[in-house]
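Single-structure report; data block below.
Within every chain, numbering begins at 1; the chains are lettered A, B, ... in the order of the sequence lines, protein sequences first and strands thereafter. Worth saying up front: this structure is predicted, and the values here are computed from it rather than measured.
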Amino acid sequence: MRSRELMMSGNQNNSYTPIPIEEKWQTRWEHEATNTLSPQALEEGENSYYNLMMFPYPSAEGLHVGNIYAFTGADVHGRFQQLTGHTVFEPIGFDAFGIHSENFALKQSLHPMDLIPSNVTNFTRQLKRMGGMFDWKHTVDTTDPSYYRWTQWIFLQLFKSGLAVRKEAPVNWCPSCMTVLSNEQVVGGRCERCNTPVEQRHIAQWFFRITEYSQRLLDGLKQIDWSETTKKAQENWIGRSEGAILNFPISVEEDETTSLDHLTQDELSSVTINLKTIEVFTTRPDTVFGATYIVLSPEHPLVKEVTSDQQREAVQAYQKKTAKLDLVARQKTEKTKTGVFTGGYALNPATGTVIPVWIADYVMMTYGTGAIMAVPGHDQRDFDFAKAMDLPIKQVVSAEKKSKDTVTDILQAYSGDGVLINSKHFDGLSVAEGKKAICDWLKTKDMASVHVGYRLHDWCISRQRYWGPPIPIIHCDECGPVAVPEESLPIILPRIENFKPDDSGVSPLARLEEWYLADCPECGKTARRETDVSDTFLDSSWYFLRYPSTDSEDVPFDSTITRKWLPVNCYIGGNEHAVLHLLYSRFITMALYDIGHIDFQEPFVRFRAHGLIIREGSKMSKSKGNVIIPDQIIEKYGADTFRTYLMFLGPFDEGGDYQDDGIQGPHGFLHRVWETAMLSLQNDKQEKDSNVERKLHQTIQQVTDQIPELRYNTSIAALMEYLNVVRSKGRTPQRCEIEPLVVMIAPFAPHLAEEIWESFGHSESLFSGVNWPEYSADKARADTVEMAIQINGKLRATITVQAEMDQEELEKLSRAEKNISRYLEMGTVKRVIYVPNRLINFVLESNNA
RNA sequence: GCCGAGGUGGCGAAAUGGUAUACGCAGGGGACUUAAAAUCCCCCGGGAGAAAUCCCAUGCGGGUUCGAGUCCCGCCCUCGGCACCA
């Protein structure tokens with residue numbers, strides 16, 4: 001009977017044939033809806049476990065190894081949870097909107113509306129072929145109106161609560177992609193996608209006010225179980241820094257050759273007309289006595305006011321030059337500093353000295369207040385500038401207590417710790433004390449306030465492109481920007497044949513008058529639709545909320561189901577999304593919580609970043625022609641082998657080196673598992689072999705501990721070791737030794753496991769029950785152990801003894817060892833270290849010495 | 001420059017402060033076979049030695065410890081992230 005089943009799965013001679021076996025089980029899983037949750041199961045599922053992985057962008061090239069690596073790692077986790085008694089929901093979908101698809105379509109002269117469906121079909125085929133336990137009844141495609149209807153709905157929720165605002169702002173413009181990029185999409189001043197230098201433009205854009213959430217996003221990190229590297233990346237990205245805002249009153253013009261140092265503060269105040277003050281943000285208020293000039297960002301609004309008539313021409317020329325400068329050039333750290341004196345002055349609130357106000361492009365309008373107090377003695381950038389412009393440098397912090405002299409010819413800024421000098425009555429305080437004391441002092445004069453700055457910027461979601469969800473706003477001349485009524489959603493993205501962007505900075509949709517003309521929902525007059533589409537990252541910032549609720553058409557996420565399944569139990573994905581997708585998802589979740597749509601603030605309880613796969617020691621790239629084509633590997637070895645090998649390469653969170661020959665190991669291993677299982681079918685004598693039994697329980701223990709920790713490579717190694725013990729010296733395997741092995745290999749090689757499981761006479765899918773083996777600590781315990789015998793910490797002999805042997809007896813046996821007695825004669829034992837079941841160490845005092 | 005992660009055989013990699021190199025690849029030897037493939041068994045860090053055994057070895061230099069790949073201090077290198085962020 002069993003052999004007939006094997007014949008049916010394509011086995012003529014009882015050897016392992018992965019391809020027919022995998023086809024058979026993939027078909028069966030689909031027919032029997034093994035991995036699909038019914039609406040009822042979604043509402044009631046016991047012990048629910050939401051196992052999420054980052055959904056792919058469906059490229060024309062198909063799944064790459066990186067995708068398969070990540071999905072396999074996540075799927076192994078899901079299958080393990082299933083086998084240990086959870087109801088696992090493991091969805092997959094497609095992140096198909098965005099510049100990526102659009103650019104590819106343009107290049108190939110295709111329409112994304114034609115391209116994407118065929119890519120999705122191909123991806124679906126490949127995803128099924130790799131044997132993931134995906135729930136194909138609950139997928140998501142961000143380009144489907146039934147999905148982006150709700151993306152637009154999310155925009156409206158944020159708009160209505162004031163978190164979406166339209167503002168004109170300098171933005172990053174990619175002249176090649178012809179669109180605005182978010183700060184996150186600019187890498188080193190270049191477009192992340194096409195590496196073109198980014199330019200500055202001023203366009204009215206929609207922004208999400210993520211900066212309102214800076215502190216919450218930072219605080220939340222402490223409570224979630226995420227990869228440390230990812231948390232650290234977010235922390236750096238948010239970039240909290242504590243400091244103060246200090247006020248520098250703008251002073252009357254002074255002849256720059258006149259030194260004002262001799263004037264008293266009262267005298268100075270009398271010549272100061274308090275028109276305006278320049279606010280600067282600093283993390284070093286303790287160095288304010290060393291602030292010898294002020295620098296405004298060239299775009300700073302006060303530049304106009306401080307600039308003197310004589311300097312106006314030079315200032316405007318510099319502003320013009322900076323505005324033209326792309327961000328790459330501007331952000332080059334190495335370049336020599338440039339700037340122009342405005343002709344204006346400000347009053348140092350601490351010294352009472354009048355100091356010059358400059359503009360320079362090394363000060364950014366986008367950070368802090370767009371203005372700094374320059375302390376060249378203690379900030380390298382200010383130092384470089386002061387040297388270049390011949391501005392005074394004053395030392396106010398001394399590294400050593402003794403040197404109180406004013407160093408005039410220092411070679412570089414000193415930014416370390418020390419004591420304050422040249423700071424009047426604050427002299428002698430430490431940097432930390434000085435910060436507080438000076439801040440407090442200036443506060444009493446209304447010249448300072450404590451301030452926390454963040455590096456994080458608001459999230460610009462406008463894209464002047466075609467391939468995205470139209471932003472659901474109608475611009476009315478009377479009413480301004482008006483929300484599209486929710487019942488009118490979705491605003492369908494129309495099919496237009498010429499979707500190529502141009503340099504005008506407006507979306508291709510703006511060429512479609514019949515589309516963008518619409519009645520104002522408030523006053524009914526003819527108005528214009530917003531023609532920008534939203535950022536792809538908005539699509540992916542909430543997709544995990546949609547998955548369990550794809551059966552609901554009238555709500556984005558069903559409240560009962562959402563309460564049951566969210567937040568996500570485990571999320572696995574690449575660390576390249578540490579500060580983009582993962583931060584935005586957290587922000588959207590918090591915003592929806594505040595608005596009252598969901599009852600949790602963090603979307604992903606646990607997140608693990610996987611590592612990267614390289615090949616034969618170097619990065620894979622199309623240009624090098626060394627990319628692995630998954631289809632070819634699967635065709636040759638089967639999905640089970642591919643999966644197992646990928647998980648065996650190295651630690652999942654670190655990635656690994658894909659060596660072509662290496663796949664032989666796991667391949668042979670699965671062959672051997674199969675053969676051993678078939679042998680055990682014919683030899684079911686159930687004789688107890690304590691050696692094998694002990695190893696089995698040790699293995700179960702190790703694998704049960706390690707799989708949830710994603711330590712897959714060592715788990716597979718443990719299974720290999722176990723099989724080596726089972727088969728050692730040609731030993732005949734027994735079924736009770738193999739059945740648990742089959743279950744433990746199942747997360748990695750699910751098809752093989754199912755087939756053997758069926759051969760063992762089970763009619764139900766292995767994954768339909770709680771089949772994970774239990775271990776007994778008793779049975780895992782060894783009765784004899786190999787002990788190391790050391791002399792002065794060096795291994796000199798090993799001895800196999802009864803486990804838990806007491807020190808006295810072990811010492812006796814050890815001393816009897818030939819090599820040990822030899823050493824013991826050479827000195828006297830000063831001390832004996834005994835580590836039960838591990839080692840005994842004789843510490844000698846040499847007789848010779 | 002700042003923040004992470006890492007550096008162990010020919011290679012991918014293992015090791016709660018306790019016998020370094022598990023597991024696998026490649027390589028060598030053997031069995032089975034007319035032959036090949038597949039499979040199975042054995043060897044495999046370097047050096048000395050007939051052997052017992054000894055010495056050396058986890059990027060480099062110090063330290064703590066009975067004992068350090070692991071902990072501490074100071075460097076070097078590789079890879080990721082951030083970066084005139086005030």
Side-chain angles (χ1 to χ4, degrees), chain A residues 15 187-189 227-233 235-237 239 241 243 280-284 287 295 297 330-335 337 360-364 366-375 379-382 384-385 415 453-457 575-576 578-579 611-612 614 616-617 619 645 648-651 653-666 668-669 671-672 675 711 713-721 723-724 727-730 786-799 818-819 822 830-835 837-844:
Chain A
S15 70
V187 176
S227 297
E228 277 311 311
T229 51
T230 314
K231 289 208 271 190
K232 203 76 199 171
E235 203 182 302
N236 289 343
W237 190 261
S241 60
V280 305
F281 175 61
T282 179
T283 54
R284 294 293 304 274
T287 61
V295 187
S297 157
R330 173 135 181 202
Q331 292 188 352
K332 274 251 161 68
T333 328
E334 317 85 74
K335 89 176 167 142
K337 301 239 175 322
D361 66 1
Y362 82 93
V363 175
M364 306 292 152
T366 49
Y367 186 78
T369 59
I372 60 153
M373 65 173 199
V375 185
D379 181 290
Q380 192 57 40
R381 295 155 300 179
D382 298 340
D384 294 342
F385 190 76
S415 58
Y454 297 92
R455 208 196 68 100
L456 186 67
H457 294 107
N575 228 0
E576 67 274 18
V579 293
L612 299 177
I614 56 170
E616 311 276 358
K619 241 186 219 165
Y645 180 44
F648 182 67
L649 282 179
D653 59 348
E654 285 172 34
D657 189 352
Y658 188 101
Q659 301 191 330
D660 294 359
D661 288 335
I663 199 169
Q664 295 301 342
F669 171 59
H671 266 279
R672 209 163 171 228
E675 268 150 33
R711 297 171 63 194
N713 58 331
T714 48
S715 296
I716 293 168
L719 296 175
M720 288 172 164
E721 269 188 72
L723 186 60
N724 288 344
R727 294 303 300 278
S728 68
K729 293 172 190 132
E786 201 186 15
M787 300 281 292
I789 310 174
Q790 298 181 337
I791 302 291
N792 290 335
K794 285 199 174 200
L795 182 73
R796 294 302 177 193
T798 58
I799 179 174
K818 215 170 36 189
N819 205 34
R822 192 163 68 89
K830 203 170 64 178
R831 204 177 146 190
V832 180
I833 311 282
Y834 169 69
V835 183
N837 291 335
R838 280 276 167 191
L839 60 78
I840 187 161
N841 182 16
F842 295 94
V843 185
L844 298 192

Regarding B:G9, purine or pyrimidine glycosidic angle vs 90° from 0 gives syn
Using whole Å, report how far CG of A:D379 lies from C1' of B:A86. 6 Å
For A:S241, report the nucleic acid contact type (base, sugar-phosphate, nothing); a contact means any heavy atom under 4.0 Å. sugar-phosphate
Using nucleotides 42-47 of chain B, report all nitrogen or oxygen pairs with the protein that are shorter than 3.5 Å.
none

Distance between the C1' atoms of B:C72 and B:G17, in whole angstroms? 13 Å
Could you tell me how far B:A13 sits from B:G80 if I compare only their P atoms? Round to whole Å. 15 Å
For nucleotides 2-10 of chain B, print each protein N/O atom paired with a nucleotide N/O atom at under 3.5 Å, atom names and distance only.
none

Report the distance from atom NZ of A:K830 to atom P of B:U65, rounded to the nearest whole Å. 12 Å
Evaluate the criterion side chain to side chain contact (heavy atoms under 4.5 Å, CB included) for residue pair A:L649 and A:E654; output intermediate values, then yes/no. CA-CA 10 Å; A:L649 282 179; A:E654 285 172 34; over 6 Å; no
Can you tell me how far the CD1 atom of A:I791 sits from the CZ atom of A:R822, to the nearest 0.5 Å? 10.0 Å
OP1, OP2 of B:U53 versus side-chain N and O of A:R822: anything below 4.0 Å? no
Taking the six-membered ring for Trp, are A:F385 and A:Y362 parallel (under 30°), tilted (30 to 60°) or perpendicular (over 60°)? tilted
If you find the nucleotide of RNA chain B closest to A:G668 and the one closest to A:L649, which residue's nucleotide is nearer the 5' end? A:L649
Say you pick atom C1' in B:C2 and the same atom in B:U19; how far apart are they, in whole Å? 42 Å
When you measure from the side-chain N and O atoms of A:R831 to the phosphate of B:C66, is any distance below 4.0 Å, counting only OP1 and OP2? yes
One character per nucleotide, please: for nucleotides 16-33 of chain B, 5' to 3', B when the base has a protein heavy atom closer than 4.0 Å, S when only the sugar-phosphate does, - otherwise. --BB--BBSS--------
Rounded to whole Å, how long is the line connecting atom CD1 of A:I614 with atom P of B:G80? 10 Å
For B:G4 versus B:C71, give the span between their P atoms, rounded off to a whole number of Å. 15 Å
Separation of the P atoms in B:C40 and B:A20, to the nearest angstrom: 31 Å
Touch check for A:D384, heavy atoms < 4.0 angstrom, all strands: base, sugar-phosphate only, or nothing? nothing
What integer number of Å spans the C1' atoms of B:G47 and B:A57? 11 Å
Students often get this wrong, so: under 4.0 angstrom with heavy atoms, is A:V295 touching a base, only sugar-phosphate, or nothing? nothing
Where each residue is assigned the nucleotide of RNA chain B containing its nearest heavy atom, which of A:G650 and A:E675 is assigned the position nearer the 5′ end? A:G650
If you measure from the P atom in B:C66 to the same atom in B:C77, how many Å do you get, rounded? 35 Å
A:D653 and A:S227: side chain donor to acceptor below 3.5 Å: no
Separation of atom CZ in A:R455 from atom P in B:A86, rounded to whole Å: 10 Å
Please give, in whole Å, the distance from B:U39 P to A:H671 NE2? 7 Å
What is the nucleic acid contact for A:K231, judged by heavy atoms within less than 4.0 Å: base, sugar-phosphate only, or nothing? nothing
Between B:C85 atom P and A:W237 atom CH2, what is the distance in whole Å? 14 Å
Please state the P separation for the pair B:C11 and B:A36 - nearest whole angstrom. 31 Å
Write down the distance between OH (A:Y658) and C1' (B:C11), rounded to a whole number of angstrom. 16 Å
Salt bridge or not between A:K232 and A:E235? Use side-chain N to carboxylate O under 4.0 Å. yes
Any donor-acceptor pair, under 3.5 Å, between the side chain of A:K337 and the base of B:C84, if you only look at N and O atoms? yes
Would you mind reading off the distance between A:Q380 atom CD and B:C84 atom P, rounded to a whole angstrom? 16 Å
